[in-house]
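Keep in mind that this is a model prediction, so the values were computed, not measured. Residue numbering restarts at 1 for every chain, and letters A, B, ... go by the order of the sequence lines.
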Amino acid sequence: MSSPALEVQAAREPAGPPATHDPPPHPRSSRAPGRGGAWRRWLSPLAVVVIWQIASATGLLPERLLAAPTTVAATTLDLVADGTLPNAIAVSLQRVAAGFVLGGLSGVLLALVAGLSRAGENAVDPLMQMLRALPFFGLIPLFILWFGIGETPKITLVALAVSFPLYLNTFAGIRGVDGKLAELARTLKLSRAALVRHIVLPGALPQTLVGLRQSLGVAWLALIVAEQVNADAGLGYMINDAREFLRTDVIVVGLLVYSALGLLTDAVVRLLERRALSWRRGFLSE
Amino acid sequence: MAARLSQRVAGIRGLTRRFGERVILHSLDLDIHGGEFIALLGRSGSGKSTLLRALAGLDRDVEGDLDVTGTVAVAFQEPRLVPWKRVDANIALGLAVPDAGERAHRALAEVGLTERAGAWPLTLSGGEAQRASLARALVREPELLLLDEPFSALDALTRITVHQLVLQLWARHRPAVLLVTHDVDEALVLADRVLVLDEGRIAHEAAITAARPRHRDHPELVSLRTRLLTALGVAPEGRLITERQGTPEEQQ
């Protein structure tokens, strides 16, 4: 886990075959890959909806177990019209955003502390590994005792869930930065701060973005759990409330909104990735 | 030529480097003077890269005196361009002057890469990347330029053009150059002085006076080539010399 890539082991004959750089087959292919194919990603979900509707219409899928897509659509309109859904979404989004910012910042900061020095690693990494092993949904009772049943326990749970993927990936990203570039930085007389800014952080970025995607996924997951345990507003509350009245249509609306929000946040990260990592000669770019 | 061999830019006295039991450099002495072009030849494991790394300040575990005055710049075997910085930003990296960008573009123009200034390093060909690496070294206006087998990964044709480029740049900027290589012909074409390193000692030293551009069939180079190959343990026709005692003319 902690290969000292940054602490360059000096002075050996350069091992391995010499690095060759063949001219790229498509010199301009690293520019924005075609975005015309994006709609294709929607084909398979659409097919599922069609099959589902047919199953409901033929009575294969009873309303008691799962409402038909048309019913779900009508319910969605109702919920939007009476303000229930926009309100629930707003509440949930706020919780996720707050938890995400809090957890993301602490995860990345801790990764920097652990990644940039041996002492930092010794101080931070064992604690993080131990905390990571906790089933954090099992912390909910404690969180309720500590923080009551307001917003704090929900946001804290999201923050906790978010921080680990970002911590682990950023830490691995920092340690994975090519030691030869650190050596280069020394010959260029870069200061420690410049080394971090120009070499370490951008070098860790691809891995951090992987962590970002994971943590956004887990953020929504943590929120669902938190909102179903104790809440009087938000998507999880709406779903839980609907269960009491066997309103499968409302439950499906809530779930769909969750997944749509999940897809949306993922799309944001993809966009970020494409911008931030445009230097990579992407293997998917043509 | 003697006129420009003015002051010393690097002085090495009794330089020793051990890795555990193994001694890679044996109490080595070497002076490098301003503007001279030295080729350091040696077989794999002879310690030539270790010596270069010591001069570059990348190895702090050496014993002995290492006195390097002035700016040192390094071009490595792999170009080591920072992949997430465009070519011009790579050249300007760590350049603490107000007109860093302007200087970077001038350096790129010198190596013929003006039109690739905004490219990502991973889209460069091997020759382009190596030229960018040279530009990054030269833009620091070094008194000592260390080249660690920078041509070994290039194809034969590209290598010839990059050799000429290095000679041009050297003639214009006059840094002292220490070129580490295992290619005897490369050393003969480029250097004023050739050193052969063997088991951590300078086993052979020769000056080359032939005017540049040099042709491989120049009599001075032909005879020196034989001597250098012998010093490296290879007979001119390619046969391995098992008894590596050295030829009489080697002891000068």
- Message: Evaluate R8(B) against D31(B) for salt bridge (Lys or Arg N to Asp or Glu O under 4.0 Å), listing each step before the verdict.
- Response: CA-CA 7 Å; R8(B) 199 178 72 166; D31(B) 281 330; 3.3 Å; yes

- Item | Engaged part of L190(A) at the chain B interface, taking heavy atoms whose separation is under 4.5 Å | side chain

- Message: Please identify, among V82(B), L52(B), L146(B), V180(B), the residue contributing the most non-hydrogen atom pairs under 4.5 Å to chain A.
- Response: V82(B)

- In terms of side-chain geometry, is the basic nitrogen of E121(A) or R118(A) positioned less than 4.0 Å from the acidic oxygen of its partner? yes

- Message: Heavy-atom pairs under 4.5 Å with chain A - which of V74(B), D61(B), L81(B), L93(B) has more of them than the others?
- Response: L93(B)

- In terms of side-chain geometry, is the basic nitrogen of E110(B) or R106(B) positioned less than 4.0 Å from the acidic oxygen of its partner? no

- Message: Let's go through E63(B) and R17(B) carefully: what are the C-alpha distance in whole Å and the side-chain angles of both, what is the deciding distance for salt bridge (Lys or Arg N to Asp or Glu O under 4.0 Å) to 0.1 Å, and is it a yes or a no?
- Response: CA-CA 6 Å; E63(B) 305 154 37; R17(B) 178 66 165 101; over 6 Å; no

- Audit row: N169(A), Q207(A), side chain to side chain donor-acceptor pair (under 3.5 Å) steps and yes/no: CA-CA 5 Å; N169(A) 281 288; Q207(A) 194 70 37; 2.8 Å; yes

- R13(B) atom CZ, over 12 foreign heavy atoms within 6.0 Å: yes

- Tabulate, in ascending numerical order, the residues of residues 130-144 of chain B having at least one heavy atom closer than 4.5 Å to a heavy atom of chain A, or enter 'none'. R136(B), R140(B)

- Can D266(A) and R213(A) be counted as an ion pair, charged N to O under 4.0 angstrom? yes

